[in-house]
Amino acid sequence: MAGIASLAVLSANGVPAAAQAEPTIKLGYAKCAHCTPLALVPQYAKGVKVEAIGFNTGNDVLTALVSKSIDVGQVTYLHYAVALDKGFDVVAISGQVNGGSAILVTNELPVTPEDWGSLKKVIAEYKAAGKPFRVAASRGNAQDIHMRGAFAKQGIDVNKDVQFINIPNPSDHLQALRRGEIELICTTSKPFGTQIVQLKAASCSLIPMIRRQASLQI
Amino acid sequence: MLTRSDVIAAEPKALEETVRAIVKIDDYIAGDKPAWIEVINKVTGLDKSVAADAIGNLYPDPKMYRVSALAIAVMMRDLKYINSDVSAAVEKNLDYRFLEAATGKPKSDLGY
C-alpha cells in the first residue's frame with residue numbers, strides 16, 4: 001500500500017508533485033489606497049505562488065510578520081524602526097510606493113501653493129502678533145513624521161515656531177478645519193486630505209513641496 | 001516590504017520573484033492610472049473620484065531610501081516613539097540583493 005500511495009503523488013515525468021510545486025509566499029498589505037496594487041502580486045508573480053492577504057492597518061501587517069503568520073509585509077519606515085527597536089527580526093527587501101501625505105492650509109490664509117516662503121511669512125506674522133499658528137496631525141503617524149521632516153528641512157521648528165495640536169483620529173481633521181481650531185493640517189491624502197479639498201475646507205495644498213522628500217512606504 | 005531572515009534563508013528565490021512582481025506592478029500602475037483607480041475602488045470601496053485625486057499624490061517606487069530611513073529612525077527616537085538608536089540596524093537590515101536582481105540595477109541606483 002505504501003508503494004501505491006507513493007506512486008499516486010508522482011507526476012507524469014516521475015518527479016514527485018511536491019518537489020515540482022512552486023514555493024508559496026504569504027504577503028500582507030494594509031487595505032489602503034497606497035497598498036492596494038499589492039493585491040495584484042499573485043497575478044504578476046512567476047515561479048512563486050504568492051498569497052496576498054489584506055489587513056486593516058500596517059500595525060496588523062507587522063504583527064502578522066513578526067508572529068510568522070506571513071512571510072512578507074508592506075509597512076512604513078516607521079514600522080521598520082519600531083520593529084528594530086523592539087528587537088524583532090525584520091529585513092527590508094523592497095520599496096513599493098511613496099507619497100500619500102497632504103499638508104493643507106485653511107482657506108483664509110495668504111499661502112501660495114508650492115511656496116514655502118509664503119507659509120513661513122504667515123507663521124512669522126502669527127509669532128510677531130503673539131498668536132499661535134496651530135498645526136495639527138495625528139501624532140506619531142506617517143503624516144506627522146512626514147510633516148516634521150518637511151518643516152525641519154524648511155527651518156520651521158515644530159516645537160518653537162508653531163503650536164502642535166494632536167488630533168488622533170484622521171477622520172476628525174476635516175471638522176477641526178471647519179471649526180477654525182487649526183491653521184494647518186497634515187493628513188493622509190486618501191481619503192481625508194482629498195475629501196478636505198473636495199469639500200473646500202482647505203484650499204492651499206503644499207503637497208507638491210513635500211513629495212519625494214521622504215519615502216514612507218517600504 | 002519587509003521579511004524575516006528565516007524566510008530569506010529558506011526561500012531566497014521565491015523572495016526574488018516576489019520582488020520582481022512588485023517591480024512589474026509598479027511599472028504597470030505608474031503607466032495606467034485608471035487601472036490603479038479600479039484596484040483602489042475594488043479593494044477599499046473608496047469612491048473613484050477620491051481615488052483619482054488621491055493617486056495624484058502617490059508615486060509607485062520600489063527603491064529603498066537609506067538616508068530617509070535613517071532620518072525617520074532618528075526622528076522617531078527624538079519623538080520618543082522608540083527607545084534606542086536603531087540607525088545601525090536600519091542600515092544593516094536594508095537588503096538590496098533582491099531588488100538588484102529584479103531590476104538589474106546596482107543598489108547605488110536603488111536608493112542606497
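Just so we're on the same page: letters track the sequence lines, and every chain starts at 1.
Interface remark: Ile8(B) contributes side-chain atoms only to the contact with chain A (heavy atom separation under 4.5 Å). Interface residue Leu38(A): only side-chain heavy atoms are found under 4.5 Å from chain B. No part of Phe88(A) comes within reach of chain B, as not one of its non-hydrogen atoms sits under 4.5 angstrom from that chain. Within the 4.5 angstrom heavy-atom criterion, atoms from both the backbone and the side chain of Ile82(B) approach chain A. Of the two parts of Ala14(B), the backbone and the side chain both hold a non-hydrogen atom closer than 4.5 Å to a non-hydrogen atom of chain A. With a 4.5 Å cut-off on non-hydrogen atoms, Asn41(B) does not touch chain A at all. Interface remark: Leu84(A) contributes backbone and side-chain atoms alike to the contact with chain B (heavy atom separation under 4.5 Å). Of the atoms belonging to Ala51(B), not a single heavy atom falls under 4.5 Å from chain A. The parts of Arg4(B) that come within reach of chain A are both its backbone and its side chain, each placing non-hydrogen atoms under 4.5 angstrom from that chain. With a 4.5 angstrom heavy-atom cutoff, Lys49(A) does not touch chain B via any of its atoms. For a residue to count as touching a neighbouring chain, one of its non-hydrogen atoms must lie under 4.5 Å from one of that chain's; by this rule Val50(A) touches chain B with the side chain only.
Side-chain contact check for Asp26(B) and Gln96(A): at least one donor-acceptor pair (N or O, by modelled atom type) lies under 3.5 Å.
The minimum heavy-atom distance between Leu94(B) and Tyr80(A), with the atom names listed, is N-OH, 3.4 Å. Here the closest non-hydrogen pair linking Val43(B) and Ala39(A) is CG2-CB, 4.1 Å.
Outside the 6.0 Å centre-distance limit, the rings of Tyr77(A) and Tyr65(B) are not counted as a close aromatic pair.
From Thr18(B), atom OG1 reaches atom CD1 of Ile25(A) across 5.0 Å, with rounding to the nearest 0.5 Å. Atom-to-atom distance recorded for Ser68(B):OG and Ile145(A):CD1 is 13.0 Å, nearest 0.5 angstrom. Distance check: Met76(B) CE to Leu78(A) CG gives 4.0 Å after rounding to the nearest 0.5 Å. Residue Ser94(A) holds its OG atom at 12.0 Å from CD of Glu100(B), rounded to the nearest 0.5 Å. Atom CE in Met1(B) sits 11.0 Å away from atom CG in Asp71(A) (nearest 0.5 Å).
Between chain A and the residues Ser5(B), Ser49(B), Ala30(B), the largest count of heavy-atom pairs under 4.5 Å involves Ser5(B). Ranked by heavy-atom pairs shorter than 4.5 Å toward chain A, the options Asp95(B), Val7(B), Val23(B), Leu99(B) are led by Asp95(B).
If you run side chain to side chain contact (heavy atoms under 4.5 Å, CB included) between Thr36(A) and each of Ile40(B), Leu46(B), Ile37(B), only Ile40(B) comes through.
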| task | For the pair Ile93(A) and Leu2(B), evaluate side-chain contact (heavy atoms from CB on, under 4.5 Å) and give the outcome as yes or no after the intermediate values. | result | CA-CA 6 Å; Ile93(A) 55 170; Leu2(B) 298 183; over 6 Å; no
| Under the side-chain contact (heavy atoms from CB on, under 4.5 Å) criterion, do Asp6(B) and Asp89(A) qualify, and how do the steps go? | CA-CA 9 Å; Asp6(B) 63 293; Asp89(A) 169 20; 4.1 Å; yes
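Without hydrogens or angle criteria, Asp85(A) side chain to Ser84(B) main chain gives a donor-acceptor distance under 3.5 Å. Listed for the Asn93(B) side chain is a donor-acceptor partner under 3.5 Å among the backbone atoms of Val90(A).
The side chain to side chain donor-acceptor pair (under 3.5 Å) test applied to Lys86(A) returns no partner, not counting sequence neighbours.
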